[in-house]
Number of protein chains: 2
Amino acid sequence: MTAKTVLIVDDEASIREMIAVALEMADYRVLEADNAQTAHAMVVDDQPDLVLLDWMMPGTSGIELARRLKRDTATAELPIILLTAKSEEDNKIQGLEAGADDYITKPFSPRELVARLKAVLRRATPTGVEDTVEIDGLRLDPVSHRVSANGEALDVGPTEYRLLQFFMTHQERAYTRSQLLDQVWGGNVYVEERTVDVHIRRLRRALGDDHQHLIQTVRGTGYRFSTKE
Amino acid sequence: MTAKTVLIVDDEASIREMIAVALEMADYRVLEADNAQTAHAMVVDDQPDLVLLDWMMPGTSGIELARRLKRDTATAELPIILLTAKSEEDNKIQGLEAGADDYITKPFSPRELVARLKAVLRRATPTGVEDTVEIDGLRLDPVSHRVSANGEALDVGPTEYRLLQFFMTHQERAYTRSQLLDQVWGGNVYVEERTVDVHIRRLRRALGDDHQHLIQTVRGTGYRFSTKE
DNA sequence: CGCTAATGTGACAGCTTCGTGACAATCGTG
DNA sequence: CACGATTGTCACGAAGCTGTCACATTAGCG
């Protein structure tokens, strides 16, 4: 088994250092970032297996970054452990709601940190890598987060990307607007059902004349992705 | 799709009224109760699909009722949305711990209320799994929501689809027009019986020459789906 | 072979669902 | 903070579906 990579996000260098040492002794690869901005970039570029995220940071807070990562399909599966200086319940709950998989209250022992980190990694879905899907000349690459038709790049918005990814991995099946909202938008969003129509429209337009027939309307029900007919 | 029933529990008549109007405009059936006692009785008797529960009420508080409903297996699955006048985090947390599926802070817009109610109901509704049926080269696939004859897709309207699905899962048995209206259209619709004939006609046409013999007329009674004769 | 009741069929007005462009609010970014 | 991108919502028209009718056709019966 190859060593797991952990991204530490904290603005205090001393803490990063302390954690890094502990993790390296436990045979993890370590990346560091001191703000949410670069952290996000590193998640995209280096694809760590887990993120250790400080709750309190100047600028975008840790929790914001967590939300952002969980919202994006490409990074939604990435396990996150929140570090929090306060032991207040509020933080715990907000953190877990934001999608964190665990949280650790400072001060903590390196031992404890490593133990919980292992536990989270163990729980983490082994899916990890998402495959590139190519159907009928239409190609979606989760790694580069790009869509192309016959080699030519298509301009697809974030929501349309998620929608397309969902469809391409769930072909030949009709979904109601409700189900799409659940699957693509996420369970607890309060959005009108007709909004789905609009994004279907945007996706169809982005796919161009060659491929929009793949997104089919199932009258009275919803939509379906299919190569047939 | 049958209308969902929502039980509003609040001691202030004016608030109930406001909510009731909003919900009725969105095509929900509305029940009202002004205390936890009667609310509990109505849950048992009328089996609403969702409960909108005020947090602050004289006597047994809303949260008590929520706990009680969640504790009882018969009502544990019933989604509950808490209404709370205070925006304090504490309430939110207690409410969610008591088993509420969502909470809304007053004041709220009717729009928001309906939107969140929809979202909660969406999550609560289990997706029924239905099997593909294939008879004599005619195939109906509930998953892709498609009908095909010997592999070729058929263009079937929504009502004809439901009609065919019913027939294919209830072969070799004659149904009166009245029974078909009950089973396919749904219990409480007022529709002329002859309307069934028209949809039978449309279904037969959609099935094409190869398969329309499957839909048989039972003179003086109604229709039957059968491969025989 | 006529007669009658039951069923088949085409047409159509009204209704529902879907496609689409516009727009304001929000988000992400420099 | 300002700009462009993205998002959710709406209004309106187009397209499709539904229920009903009027009339044609058929089955059953004496």
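Convention: sequence-line order gives letters A, B, ...; per-chain numbering from 1.
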Engineer: For residues B:H170 and B:F225, establish whether the separation of their ring centroids is below 6.0 Å.
Structural biologist: no

Engineer: If I take atom CD1 in residue A:I215 and atom P in nucleotide C:dC18, what distance separates them, rounded to the nearest angstrom?
Structural biologist: 15 Å

Engineer: Report the distance from atom CZ of B:R204 to atom C1' of D:dT26, rounded to the nearest whole Å.
Structural biologist: 12 Å

Engineer: Salt bridge between B:E193 and B:R177, side-chain N to carboxylate O under 4.0 Å?
Structural biologist: no

Engineer: Does B:T217 place a side-chain N or O at less than 4.0 Å from the phosphate oxygens OP1/OP2 of C:dA6?
Structural biologist: no

Engineer: Please evaluate residues A:Y175 and A:F166 with respect to the criterion ring-ring contact (aromatic ring centres under 6.0 Å, His included), reporting the C-alpha separation (whole Å), side-chain torsions for both, the decisive distance (0.1 Å), and the verdict.
Structural biologist: CA-CA 11 Å; A:Y175 290 94; A:F166 178 76; 4.9 Å; yes

Engineer: Find the distance A:R205:CZ to C:dT20:P and express it as a whole number of Å.
Structural biologist: 9 Å

Engineer: Mind checking side-chain contact (heavy atoms from CB on, under 4.5 Å) for B:Q47 and listing every partner two or more places apart, or none if nothing turns up?
Structural biologist: none

Engineer: If a protein heavy atom is under 4.0 Å from the base, mark B; if only from the sugar-phosphate, S; if neither, -; do that for nucleotides 15-20 of chain D going 5' to 3'.
Structural biologist: BSSBBB

Engineer: If we ignore angles and hydrogens, is there a donor and acceptor under 3.5 Å between the side chains of B:R146 and A:Q216?
Structural biologist: yes

Engineer: Could you give the CG-to-P distance, from A:L180 to D:dG8, as a whole number of Å?
Structural biologist: 13 Å

Engineer: Is the backbone N or O of A:K228 less than 3.5 Å from a side-chain atom of A:S226, with the two atoms forming a donor-acceptor pair by type?
Structural biologist: yes

Engineer: Taking atom C1' of D:dT7 as reference, at what distance in whole Å does atom CG of A:L203 sit?
Structural biologist: 15 Å

Engineer: Under 4.0 Å between any heavy atoms, over every strand shown, what does B:Y223 touch: base, sugar-phosphate, or nothing? Just pick one.
Structural biologist: sugar-phosphate

Engineer: Starting at atom CZ of A:R177, determine the distance to atom C1' of D:dG8, rounded to an integer number of angstrom.
Structural biologist: 15 Å

Engineer: Could you tell me how far apart A:D197 (CG) and C:dT16 (P) are, to the nearest whole angstrom?
Structural biologist: 17 Å

